[in-house]
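Working notes, beginning with the structure itself.
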Amino acid sequence: QLQASGGGLVQAGGSLTLSCEVHGSIGSGDGMHWYRQAPGKKRELVAVITSSGMTNYADFVEGRFAISRDNAKSTVYLRMDNLKSEDTGVYYCAAGPANVVGRTWYVEVNVWGQGTQVTVSS
């Protein structure tokens, strides 16, 4: 239902743009998220975009990534610049409720997409 693509091998300092195409329907008002999992590590949240377009990023992004969505194409993107070797991992897109109360984000996942491998060589 969620199809991620765009991963690949890139040198440190390079850029990649991941895409996640939604096939079928997801919950109305659901946000779209990108997670990643490095070898031997837990899956972690990278970026979130709500149905209204609000965004939030993990601290390690440090302004290098940008999440966006094109509702007409049912696609969410993750633009990644200035990639580092520690960004290596499998990147997953997901869908589910995403809300912010004050400065606290609440993110849930109802649907996972398959992963796309990102490898950053140093």
Side-chain angles (χ1 to χ4, degrees):
Q1 196 170 9
L2 303 180
Q3 181 148 13
S5 61
L9 174 64
V10 64
Q11 289 188 330
S15 299
L16 280 176
T17 297
L18 307 182
S19 300
C20 175
E21 191 170 354
V22 179
H23 297 276
S25 62
I26 58 175
S28 60
D30 270 359
M32 296 293 297
H33 331 312
W34 284 98
Y35 285 77
R36 72 183 187 186
Q37 188 166 18
K41 295 188 176 181
K42 293 182 178 179
R43 193 172 297 188
E44 58 185 353
L45 182 64
V46 177
V48 177
I49 184 166
T50 68
S51 58
S52 62
M54 294 180 64
T55 60
N56 191 41
Y57 300 90
D59 290 341
F60 59 75
V61 168
E62 300 175 323
R64 301 177 297 126
F65 298 175
I67 188 171
S68 61
R69 63 193 298 168
D70 184 336
N71 291 330
K73 295 183 178 180
S74 298
T75 301
V76 176
Y77 305 95
L78 184 68
R79 167 76 181 186
M80 304 186 293
D81 295 319
N82 192 20
L83 284 161
K84 306 175 181 179
S85 57
E86 51 263 44
D87 293 319
T88 293
V90 179
Y91 283 69
Y92 299 88
C93 61
N99 300 288
V100 57
V101 179
R103 299 179 65 180
T104 302
W105 280 77
Y106 299 89
V107 178
E108 298 178 34
V109 176
N110 291 331
V111 181
W112 287 100
Q114 96 289 2
T116 184
Q117 175 71 45
V118 171
T119 303
V120 184
S121 62
S122 57

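By convention here, the first residue in the shown sequence is residue 1. Keep in mind the model is a prediction, meaning the values are calculated, not measured.
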Which heavy atom of [X] sits nearest to which heavy atom of [Y], and what is that distance?
X	Y	value
Y57	A47	CD2-CB, 3.6 Å
A4	T116	CB-CG2, 4.2 Å
C93	L2	SG-CB, 3.8 Å
L18	W34	CB-CH2, 3.6 Å
R43	Y92	NH2-CZ, 3.4 Å
R64	N82	NH1-O, 3.1 Å

Nearest 0.5 angstrom please: [X] [atom1] to [Y] [atom2], how far?
X	Y	atom1	atom2	value
C20	R69	SG	CZ	10.0 Å
I67	M80	CD1	CE	11.5 Å
R79	S15	CZ	OG	4.0 Å
Q114	Q1	CD	CD	12.5 Å
E86	S122	CD	OG	9.5 Å
M32	T55	CE	OG1	14.5 Å

Steps toward side-chain contact (heavy atoms from CB on, under 4.5 Å) verdict (K42, Q37): CA-CA 6 Å; K42 293 182 178 179; Q37 188 166 18; 5.6 Å; no
Evaluation steps, side-chain contact (heavy atoms from CB on, under 4.5 Å), between V61 and V46: CA-CA 7 Å; V61 168; V46 177; 4.1 Å; yes
Exam field: side chain D70 to backbone K73, donor-acceptor pair closer than 3.5 Å: yes
Using the rule that Ile, Leu, Val, Met, Phe, Trp and Tyr join whenever any side-chain heavy atoms are under 4.5 Å apart, tell me whether [X] and [Y] fall into a single cluster.
X	Y	answer
L78	M54	no
V10	F65	yes
I49	L16	yes
Y91	L9	no

Side chain proximity check, V22 to T75, heavy atoms < 4.5 angstrom: no
R36 side chain reached by V90 side chain, heavy atoms, under 4.5 Å: no
Intermediate values then yes/no, side-chain contact (heavy atoms from CB on, under 4.5 Å), T88 and Q117: CA-CA 8 Å; T88 293; Q117 175 71 45; 4.1 Å; yes
Please list every donor-acceptor pair under 3.5 Å in which a side-chain atom of residues 94-106 meets a protein atom from a residue at least two apart or in another chain.
none

Test salt bridge (Lys or Arg N to Asp or Glu O under 4.0 Å) applied to K84 and E62, step by step: CA-CA 12 Å; K84 306 175 181 179; E62 300 175 323; 2.9 Å; yes
V120 vs Q11, side-chain contact (heavy atoms from CB on, under 4.5 Å): CA-CA, chis, key distance, verdict: CA-CA 5 Å; V120 184; Q11 289 188 330; over 6 Å; no
Side-chain H-bond candidate by donor/acceptor type, S19 with E21, under 3.5 Å: no
Close aromatic pair by centroid cut-off 6.0 Å: Y35 and W112: yes
